[in-house]
Amino acid sequence: MATGFDPSGRLPDFFTSTPTSSFTQFLSQAAPELLPGRRPLPPGLSADIAPHGTTIVAIATTDGVVMAGDRRATMGNLIASRDIRKVHPADAYSLIGIAGTAGIGIELIRLFQVELEHYEKIEGAMLSLDGKANRLAAMVRGNLGAAMQGLAVVPLFAGFDLAPAEGVGPGRIWSFDVAGGIYEETGYEAIGSGSLFAKSALKKRYRAGVSTEDAITLAVEALYDAADDDTATGGPDVIRKIYPVVMTATAAGTHRLSDEEITTVAERVVAGRHENPGG
């Protein structure tokens with residue numbers, strides 16, 4: 001039986017007396033042990049015993065944003081998974097990708113999805129894109145204790161702004177640090193161990209006003225370059241037909257490219273590198 005529940009079956013007072021639009025805040029009262037950052041951990045660093053995932057890139061376009069992630073998870077010098085999915089829809093108009101400890105990252109994504117859905121049900125309205133980013137920053141901050149023991153998770157958040165400020169495009173991107181610091185990025189951003197190489201690739205190719213179609217190609221090329229120099233980032237696996245997860249967020253909502261669509265893009269990028277291996 002859960003702690004604090006009346007054996008008569010009556011719900012505890014906090015279920016009805018203090019309604020909150022934050023599911024995370026509610027969970028901290030109802031069952032705090034279920035929050036990723038509240039679980040007790042053994043002393044010492046735990047980074048080497050958990051799979052880690054990298055790399056994620058996001059690009060702002062004329063229509064919204066494109067986010068893409070490689071499929072590899074590593075555990076030390078071993079490949080823990082070749083087909084992990086690190087990019088997900090946060091809600092109808094936003095995307096989230098994670099780098100770092102894979103298990104905690106996936107749990108954080110699911111909790112964030114419920115957080116946004118819970119807010120809409122309680123308030124009857126959708127959070128602004130800035131509000132979503134700030135909620136995510138608070139959740140990352142809540143995992144700081146585990147991060148200090150090596151189980152760090154860093155998300156990348158991007159979305160289509162339904163009410164952008166004057167002179168600002170509809171596609172917006174935020175990055176975070178392990179302490180919950182939040183930073184809005186301009187144009188593009190990458191996180192994870194291959195981010196240095198991915199951002200270097202985008203720095204040369206990105207232009208303001210890029211179309212969604214061209215941004216998809218840029219994202220796959222950036223991940224290819226990251227995999228070329230970073231062993232923890234997985235490149236296109238032509239033999240196994242494992243390619244990056246690519247999603248878009250536009251006025252039409254979020255969309256994940258089908259296997260056929262991303263295969264066409266990835267094979268075109270690989271073919272181009274046959275002719276020019278250096279990019």
Side-chain angles (χ1 to χ4, degrees), residues 55-70 85-99 109 112-113 115-117 119-120 125-137 140 154-177 181-192 194-195 198-226 244-258 261-262 265-266 269:
T55 299
I56 310 295
V57 300
I59 303 172
T61 74
T62 54
D63 303 317
V65 291
V66 170
M67 186 178 290
D70 79 303
R85 181 181 175 189
K86 311 167 195 174
V87 176
H88 297 260
D91 67 359
Y93 295 99
S94 61
L95 304 168
I96 179 174
I98 58 101
I109 287 173
F112 185 52
Q113 290 170 332
E115 176 83 4
L116 299 184
E117 185 177 352
Y119 179 91
E120 285 191 45
M126 184 182 295
L127 262 174
S128 68
L129 205 57
D130 292 274
K132 296 171 190 177
N134 287 325
R135 288 285 177 104
L136 182 55
V140 174
V154 179
L156 188 61
F157 178 69
F160 178 86
D161 196 338
L162 295 170
E166 186 176 352
V168 178
R172 300 174 67 189
I173 302 168
W174 284 268
S175 64
F176 306 80
D177 60 35
I182 179 173
Y183 315 96
E184 184 166 4
E185 308 294 346
T186 302
Y188 61 87
E189 180 59 15
I191 59 171
S195 61
K199 283 198 286 188
S200 295
L202 290 172
K203 187 175 184 178
K204 298 297 184 183
R205 300 290 306 279
Y206 175 80
R207 297 291 182 271
V210 65
S211 68
T212 296
E213 184 178 355
D214 289 341
I216 290 169
T217 300
L218 287 179
V220 175
E221 288 180 340
L223 290 176
Y224 186 104
D225 287 334
V245 171
V246 181
M247 296 194 69
T248 62
T250 64
T254 59
H255 168 70
R256 178 182 176 182
L257 268 67
S258 67
E261 290 173 314
I262 193 57
V265 176
V269 170

Determine, step by step, whether L223 and V57 satisfy the side chain to side chain contact (heavy atoms under 4.5 Å, CB included) criterion, reporting the C-alpha distance in whole Å, the side-chain angles of both residues, the deciding distance to 0.1 Å, and the verdict. CA-CA 8 Å; L223 290 176; V57 300; 4.2 Å; yes
Main chain of E117, side chain of E120: is a donor-acceptor contact present, judged purely on distance under 3.5 Å? no
Between E189 (side chain) and L156 (backbone), is there a donor-acceptor pair under 3.5 Å? no
Donor + acceptor pair across side chains of T61, T212 (<3.5 Å): yes
Should I56 and I98 count as side-chain neighbours, where that means a heavy-atom distance under 4.5 Å? no
With S211 via side-chain hydrogen bond (donor to acceptor under 3.5 Å, both in side chains) - residues at least two apart: D214
Taking all non-hydrogen atoms of both residues into account, name the closest pair between R172 and V65 and its distance. N-CG1, 3.6 Å
With a 3.5 Å cut-off and no angle check, do the side chains of Y183 and D177 form a donor-acceptor pair? yes
Value rounded to 0.5 Å, distance of CD1 in I216 from CD1 in I262: 7.0 Å
For K199 against Y188, the heavy-atom pair lying closest together: O-CE1, 4.0 Å
Interatomic spacing from CG in L116 to NZ in K132 - rounded to 0.5 Å: 6.5 Å
Which heavy atom of A215 sits nearest to which heavy atom of V66, and what is that distance? CB-CG2, 3.9 Å
Atom of K204, atom of R207 and distance for their closest heavy-atom approach: O-NH1, 3.4 Å
Answer yes or no: does atom CD of E184 have more than 12 heavy-atom neighbours from other residues, nucleotides or ligands under 6.0 Å? yes
Between D63 and T250, is there a side-chain donor-acceptor contact under 3.5 Å, judged purely by atom types and distance? no
Mind listing the closest non-hydrogen atom pair of T55 and G192 along with its distance? OG1-C, 4.4 Å
Is the closest side-chain heavy-atom distance between I59 and Y206 below 4.5 Å? yes
Close side-chain approach of V220 and V246, heavy atoms under 4.5 Å: yes
Given 3.5 Å as the limit, does a donor-acceptor pair link the side chain of S94 with the main chain of G159, or not? no
Once rounded to the nearest 0.5 Å, what's the spacing between atom CG of N134 and atom OG of S128? 7.5 Å
side-chain contact (heavy atoms from CB on, under 4.5 Å) partner of L95, chosen from R256, H88, H255, M247: M247
Evaluate the side-chain proximity of P155 to V140: yes if any heavy-atom separation is below 4.5 Å, no if none is. yes
Please report the interatomic distance CH2(W174) to CD1(I182), rounded to the nearest 0.5 Å. 7.0 Å
To the closest 0.5 Å, what do you measure between CD1 (I96) and CD1 (I109)? 5.0 Å
Check whether R85 reaches the backbone of V87 with its side chain - one donor and one acceptor, N or O, closer than 3.5 Å. yes
Assign the ring pair F157 / F112 to parallel, tilted or perpendicular, where the plane angle (0 to 90°) is split at 30° and 60°. perpendicular
Minimum side-chain heavy-atom gap Y93-T254 below 4.5 Å: no
Compare every heavy atom of G97 with every heavy atom of M67, then report the nearest pair and how far apart it is. SD-N, 3.5 Å
Pairwise distance CD(E213) to OG1(T248) - rounded to 0.5 angstrom: 12.0 Å
